[in-house]
Amino acid sequence: MCGVAGAYQQPDGKELVSAMVDRISHRGPDAGAVVELVRPDTAVVLGHRRLSIIDLSSAGDQPFAKSGLVLTYNGELFNYRELRSELQNLGTRFATESDTEVVLEAWRAWGPGALSRFRGMYAFAILDESTGRLTLARDPLGIKPLYVLRRGEGILFASELKAIVTAVGPELAIDPAAMVASTLYYWVPQELDAVAGVRRHPAGTWAEYSRNGSVTRGTFWDTAAEAARASGGAPADVRQVVAESVQAHLVADAPVASLLSGGLDSSIVTALAHRSDPSIEAYTIAFRPEDQRLESMPDDAFWARRLARHLGIRLHEIELSPDVVDLLPRMVDILDEPIGDPAAINTLLMCDAARASGVKVLLSGMGADELFGGYRKHLAMLVAQQYRRVPRPVRAGVRPAVGALPVAVGGRGLRTVRWAQRFLTFAELPEQEAFRRSYTLHEPDDLAELLDPELAGHVDTVLDRHREVYEDNDLDDLVDRMCLADTRMFMPGLNLTYTDRASMAASTEVRVPFVDPAVFTAAFSLPGTEKIRGRQQKAALKDAARAWLPDDIIDRPKASFGAPLRAWVTNDLRELVDDVLLRGDLVDSGFLRRAPLQRLVDDQRSGRRDLAKQVWQLLSLELWYRNARSAGVGSA
């Protein structure tokens with residue numbers, strides 16, 4: 001979806017929306033349209049590309065107009081049938097079987113109050129033709145994207161940043177703070193803009209733009225407040241809540257499959273979906289043996305096969321052996337923002353394969369780690385509390401000893417050494433700082449050395465923003481505070497962003513049943529000791545899963561949904577690193593300092609330090625920067 005409001009102040013509005021619609025055609029290959037609505041005192045242009053999933057007829061095409069309201073809508077409303085029935089009881093007559101019409105009529109009946117009734121993933125714009133008011137809204141947890149640019153007295157909005165850049169790139173400039181944040185995190189937090197002024201519409205909010213240029217805003221879901229409220233209530237039945245969420249997420253008139261990594265979360269979603277639809281199929285990623293050896297990765301495909309046999313479902317395996325030299329530039333364009341996580345490639349390849357088989361909808365286990373304490377950093381933070389009780393003289397000798405160990409020997413990665421080195425970078429820091437360091441790519445001093453000294457103020461800004469978001473809660477439990485921070489920062493900034501872009505690039509829709517207000521509330525109704533019980537992570541979720549999964553799948557060691565990054569950086573991408581990164585625009589512009597960057601690359605290649613993530617992120621950032629500049633966007 002995309003559009004322009006205040007088109008009298010933007011006489012090029014129709015041309016802009018047409019350009020944006022074309023740029024995001026991959027998001028909806030089934031239908032597309034641009035509608036211009038002109039009144040004596042206002043003008044709005046709305047665009048849409050449709051991926052038809054509910055009501056496959058053309059009756060559900062958009063922009064959708066009915067009785068004075070016009071809607072352009074991205075996403076799905078999983079409880080649309082219940083809301084439709086309720087609206088019919090109020091006298092509403094429906095012309096289609098689509099959830100789109102339900103969104104429009106719910107807005108007519110309840111206004112912004114409809115948002116708290118919706119269960120789904122969505123971003124939409126709705127125009128009231130009688131008043132000329134345009135309202136934008138986004139789902140509670142930020143599953144579906146929505147970018148907004150104020151332009152004079154009007155706005156441009158779109159589902160992807162690249163659409164706005166395509167339309168008005170020469171009017172824009174790169175935000176250096178966002179580039180600093182990407183270098184630190186390998187993604188851009190919601191509070192920052194990759195391109196200055198092109199803001200993400202905040203999740204859980206709505207904004208009404210009037211024809212006189214004024215804006216009225218409202219919040220219908222406050223993540224921190226909802227977490228605090230849940231933590232003060234009775235513990236929820238996790239098994240029932242998760243099962244109901246997966247069931248709700250199956251609503252579709254098009255084929256549905258699952259993304260099955262072989263881990264706990266995707267196995268739960270696949271098993272529950274199979275209970276409702278025994279014909280469901282799954283897609284998984286397998287790695288080349290040589291890549292798996294250097295990465296020192298567990299064989300997730302083994303466990304995916306194990307579950308597929310147990311359930312009796314068809315499993316499609318995609319070997320992750322792409323020509324990454326060609327795929328990386330494509331991935332950078334798809335991701336839209338400077339994101340340096342190769343896991344997006346897995347999602348893209350599985351979605352490509354699913355779409356080739358006629359599948360439009362895929363279910364993912366994303367979100368369970370954030371909500372139920374499943375990341376290694378969560379357990380590591382608890383272990384750090386114990387480590388700090390070790391006598392200081394002993395600790396003083398541990399870090400240099402561990403730091404001297406190689407992270408790879410004879411072409412085989414040493415996973416335990418990598419983990420130990422990372423753990424010791426934050427084990428003795430205060431809570432907020434330790435949590436940030438547990439997953440960011442650089443220590444502040446190293447980051448400052450790598451970047452232009454004039455960017456020091458932006459480094460401070462990025463660090464301060466993390467502190468503000470992390471500490472903005474009333475939770476008493478460390479595990480809960482970490483889970484909330486990840487739900488507010490890591491999940492929307494990285495995981496939901498790359499999942500949306502990679503899946504929609506393949507013209508498929510990925511649904512995330514764990515990223516659901518009911519599941520969120522259930523997770524925060526549990527004490528931290530039920531999320532991490534001793535050394536067992538996601539304990540409450542594992543307890544629930546024993547009704548659905550074999551014990552060996554539940555109790556297997558955790559593995560990341562990752563890619564053979566170290567093999568790619570060390571081997572496949574060597575020339576690209578030398579030619580594009582070390583001799584690139586970021587170095588020439590002064591954003592990166594040549595000597596520290598060269599040392600970083602040398603340390604990775606020698607096996608002295610595990611810096612593959614850092615190299616990948618910087619290479620991705622270089623390619624993103626070049627793309628933005630070639631679209632006419634001003635330099636940072």
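Computed from a predicted model, the values in this text were never measured in an experiment. Only heavy atoms go into these numbers, but all of them, side chains included; no hydrogens, no water, no symmetry mates.
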For Asp464 and Arg467: C-alpha separation, side-chain torsions, deciding distance, then whether salt bridge (charged side-chain N to carboxylate O under 4.0 Å, His left out) applies.
CA-CA 5 Å; Asp464 288 344; Arg467 181 180 301 105; 2.9 Å; yes
What do the steps show when you test Phe591 against Tyr625 for ring pair (Phe, Tyr, Trp, His ring centres under 6.0 Å), and what is the final call?
CA-CA 11 Å; Phe591 179 85; Tyr625 183 82; 7.6 Å; no
Let me see the working for Gln62 and Thr100 under side-chain hydrogen bond (donor to acceptor under 3.5 Å, both in side chains), right down to the final yes or no.
CA-CA 8 Å; Gln62 301 177 48; Thr100 301; 3.3 Å; yes
Decide ring pair (Phe, Tyr, Trp, His ring centres under 6.0 Å) for Trp107 and Tyr73; before the verdict, give the C-alpha distance in whole Å, the side-chain angles of both, and the deciding distance to 0.1 Å.
CA-CA 12 Å; Trp107 189 266; Tyr73 160 56; over 10 Å; no
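The side-chain contact (heavy atoms from CB on, under 4.5 Å) with Ile345 is formed by just one residue from the set Leu348, Thr347, Leu349; it is Leu349. Of the candidates Met482, Glu433, Arg436, Tyr470 forms a side-chain contact (heavy atoms from CB on, under 4.5 Å) with just one, namely Met482. Here the rule is side-chain contact (heavy atoms from CB on, under 4.5 Å) with Leu127, and of Thr72, Val35, Leu71, Leu134 only Leu134 fits it.
In terms of heavy-atom proximity, Ala125 sits nearest to Leu136 at CB-CD2, 3.3 Å. Pairing each heavy atom of Trp206 with each of Thr219, the nearest pair is NE1-N, 4.2 Å. Heavy-atom minimum distance, Glu370 versus Cys483: O-CB, 3.1 Å.
For the atom pair Leu494 CG and Met489 CE, the distance stands at 12.5 Å (nearest 0.5 Å). Note that CG of Leu621 is 11.5 Å distant from CD1 of Ile339, once rounded to the nearest 0.5 Å. Atom CG in Leu141 sits 6.0 Å away from atom CH2 in Trp221 (nearest 0.5 Å). Atoms CG and CE, from Leu592 and Met179 in turn, are 7.5 Å apart once rounded to the nearest 0.5 Å.
Under a 4.0 Å N-O distance rule, the pair Lys377/Asp369 does not qualify as a salt bridge. Using a cutoff of 4.0 Å between basic side-chain nitrogens and carboxylate oxygens, Arg23 and Asp333 are scored as salt-bridged. Comment: Asp336 does not engage Arg27 in a salt bridge, judged by the lack of any side-chain N to carboxylate O separation of less than 4.0 angstrom. Salt bridge present: Arg199 and Asp193 bring a charged side-chain N and a carboxylate O closer than 4.0 Å. The pair Arg422-Asp610 does not meet the salt-bridge criterion, since no charged nitrogen lies less than 4.0 angstrom from a carboxylate oxygen. Using a 4.0 Å cut-off between charged nitrogen and carboxylate oxygen, Asp61 and Arg50 count as a salt-bridge pair.
Ring orientation note: the planes of Phe118 and Tyr122 are nearly perpendicular, at an angle over 60° on the 30°/60° scale.
Looking at Asp30, its side chain does come within 3.5 Å of a backbone N or O of Ser52 through a donor-acceptor pair. Formation of a donor-acceptor pair under 3.5 Å by the Gln617 side chain with backbone atoms of Ser182 is found in this model. No donor-acceptor pair under 3.5 Å is formed between the side chain of Arg200 and the backbone N or O of Pro145. Counting only distance, with no hydrogens or angles, the side chain of Arg583 and the backbone of Asp578 share a donor-acceptor pair below 3.5 Å. Checked by atom type and distance alone, the side chain of Arg437 pairs as donor or acceptor with a backbone atom of Thr440 at under 3.5 Å. Checked by atom type and distance alone, the side chain of Glu622 pairs as donor or acceptor with a backbone atom of Leu586 at under 3.5 Å. In this structure, Asp139 contributes its side chain and Lys144 its backbone to a donor-acceptor pair below 3.5 Å.
In this structure, the side chains of Leu335 and Thr497 stay at 4.5 Å or more apart for every pair of heavy atoms.
Counted by atom type alone, His26 and Glu160 present one or more donor-acceptor pairs between their side chains at under 3.5 Å.
Centroid-to-centroid, the aromatic rings of Tyr375 and Tyr439 stay 6.0 Å apart or farther.
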